[in-house]
Amino acid sequence: MKAFNDLADFSSEEISSLIELAGRLDAKPEPEALKGKVLSLLFLSPSLRTLASFQAAMTRLGGGSFVISPDMSIHGLETRPGIVMDGTAAEHIREAVPVIASYGDAIGIRAFAERKNIETDLEESEFSALIDLIDTPYINMESAMNHPCQSLADWKTIDDLGIPANGGRFVLSWAYHPKALPLAVPAASLHMAAQRGMDVTVLRPEGFELPQPLMQKAAAAAEASGGSVVETDDRREAMQDAHVIYAKSWSSTRHYGDRLADQKLREEHLDWCVDEPWFDNAREDCRFMHCLPVRRGVVVADGILDGPRSVVIAEARNRMLAQMAVLHQMLGGSS
Ligand code: CP
């Protein structure tokens, strides 16, 4: 495996095989599998889970890792192309990224969306420019429109719950958040559920429709897997017989890059906080998923997060296991 950039690059059989390996590495640890291997981790955007789970994954497999982020004690990093560097930044990513990559056998990169221009973000312009600077195997640790590590872990979490692929009902719901957030997780989880063969409903208020290219990509995956994808603003219709609600806030597509217009629109939907009444007509055992971090009392009520519906901690632990499987395959793990 030369790259782990998008679940769409893998067949369902390949994904199942990764998930099986993740389960096997959990049940039967391989502490020598990646002995002597090094993973470089470049975080141009903040993290808790991704940072900690990749480091833990490498350690559990007998390898090592190091982390670089702009808020560490490094020379200021310039990211803009063609800039005259007469300001505070003393190092350009054009040198820093290949240097960091050269110290490892593979590199993980996180770079959130700029959220100025939707076309630029949909094209993954920034992430592609970073990848063009390296020739080592790489892992997308969250780019403008993707978070494949989260989606692999989420697929495993849904499998662990015994939710059927075909016939499983997955609701991806927008939730209120005071800030305009990236589209990476909604884009990735929408595609993951469609690729898994589930009946997917995107539940969102008007103005928060997901961009058409993301919906079309998911619809194509659903067609291939026997699933379906629909979109609605009707909560009761969406939640009917749902197995899973996956909550996430995201930016308004209509006002992408316009912070004030986005904020004005989202403030009309303060009541989009997942709570028990949302589950009235869902399956009795309908589960609540979220990639974390999550704002309590804003995105979801405490009672849901602390109650039996929530699987957010299992989801987060599955990040480590799923990434162990990816690293094992990418770095040629031997038992
Ligand atoms: N879910 C997730 O990627 O968490 P972090 O942003 O903390 O890494």
Side-chain angles (χ1 to χ4, degrees), residues 1 3-10 15 18-19 22 39 41-55 57 69 106-115 118 121-128 130-131 138-158 170 172-175 177 179-196 198 200 202 210-211 213-215 217-218 221 244 246-251 253 289-294 299 311-312 314-327 330:
M1 190 195 293
F4 188 72
N5 184 45
D6 187 348
L7 278 200
D9 297 336
F10 299 87
I15 292 167
L18 279 169
I19 289 172
L39 177 67
L41 295 166
L42 174 61
F43 283 91
L44 297 174
S45 312
S47 170
L48 185 156
R49 276 143 293 274
T50 308
L51 190 154
S53 59
F54 265 109
Q55 290 182 301
S69 70
I107 183 168
I109 300 180
R110 167 169 280 200
F112 287 175
E114 284 192 330
R115 269 177 297 132
I118 190 121
D121 287 344
L122 283 166
E123 284 165 12
E124 294 281 16
S125 305
E126 190 187 355
F127 196 77
S128 301
L130 292 167
I131 294 311
Y138 71 91
I139 297 170
N140 178 336
M141 300 198 300
E142 189 172 337
S143 59
M145 294 288 164
N146 222 324
H147 197 351
C149 299
Q150 183 66 52
S151 284
L152 184 62
D154 290 340
W155 188 315
K156 180 178 183 311
T157 305
I158 296 170
F170 182 95
L172 170 65
S173 179
W174 186 87
H177 188 288
K179 290 185 190 164
L181 296 182
L183 289 161
V185 170
S189 51
L190 165 66
H191 192 275
M192 175 276 298
Q195 191 178 2
R196 191 175 178 272
M198 302 181 81
V200 184
V202 180
L210 288 173
L214 300 180
M215 292 299 288
K217 183 179 168 188
V244 175
Y246 196 111
K248 187 74 185 78
S249 193
W250 60 80
S251 305
T253 307
M289 296 180 72
H290 191 284
C291 62
L292 303 181
V294 68
V299 169
V311 293
V312 298
E315 249 184 292
R317 182 167 187 275
N318 275 331
R319 288 290 307 276
M320 178 183 73
L321 300 174
Q323 290 156 200
M324 282 166 71
V326 170
L327 290 165
M330 182 172 274

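For S249 (side chain) and A175 (main-chain N/O), a donor-acceptor pair under 3.5 Å exists by modelled atom type. At least one donor-acceptor pair closer than 3.5 Å links the side chain of E315 to the backbone N or O of H290. Put simply, the side chain of N5 never gets that close to the backbone of N140: no donor and acceptor are under 3.5 Å apart. Without hydrogens or angle criteria, E126 side chain to A111 main chain gives no donor-acceptor distance under 3.5 Å. Between the side chain of R115 and the backbone N or O of A180, at least one donor-acceptor pair lies under 3.5 Å. The main-chain N or O of F112 is found under 3.5 Å from a side-chain atom of S45 such that the two form a donor-acceptor pair. Within the 3.5 Å criterion, the main-chain N or O of W250 finds a donor-acceptor partner in the side chain of W174. Judged purely by atom type and a 3.5 angstrom limit, Q150 has no side-chain atom pairing as donor or acceptor with the backbone of E142. Looking at S69, its side chain never comes within 3.5 Å of a backbone N or O of L44 through a donor-acceptor pair. Here the side chain of S151 pairs a donor or acceptor atom with the backbone of A188 at under 3.5 angstrom.
When each of F10, F54, Y138 is tested with F4 by the rule ring-ring contact (aromatic ring centres under 6.0 Å, His included), just one qualifies, namely F10.
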Evaluate side chain to side chain donor-acceptor pair (under 3.5 Å) for N318 paired with T157, printing each intermediate quantity in order.
CA-CA 7 Å; N318 275 331; T157 305; 2.9 Å; yes
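With contacts defined as side-chain heavy-atom distances shorter than 4.5 Å, the pair V200/L190 qualifies. Side chains of I118 and L183 form a contact here, defined as non-hydrogen atoms less than 4.5 Å apart.
C149 contributes atom SG, which lies 9.0 Å from atom CZ of R110 (distance to the nearest 0.5 angstrom). In this structure, R196 CZ and D154 CG are separated by 11.0 Å, a value rounded to the nearest 0.5 Å.
Remark: R317 pairs with D26 by the salt bridge (Lys or Arg N to Asp or Glu O under 4.0 Å) rule, at least two apart or across chains. A search for side chain to side chain contact (heavy atoms under 4.5 Å, CB included) contacts involving A106 returns L39, P137, M330, L331, not counting sequence neighbours. Not counting sequence neighbours, the partners of S53 by the side chain to side chain contact (heavy atoms under 4.5 Å, CB included) test are R319, M320, Q323.
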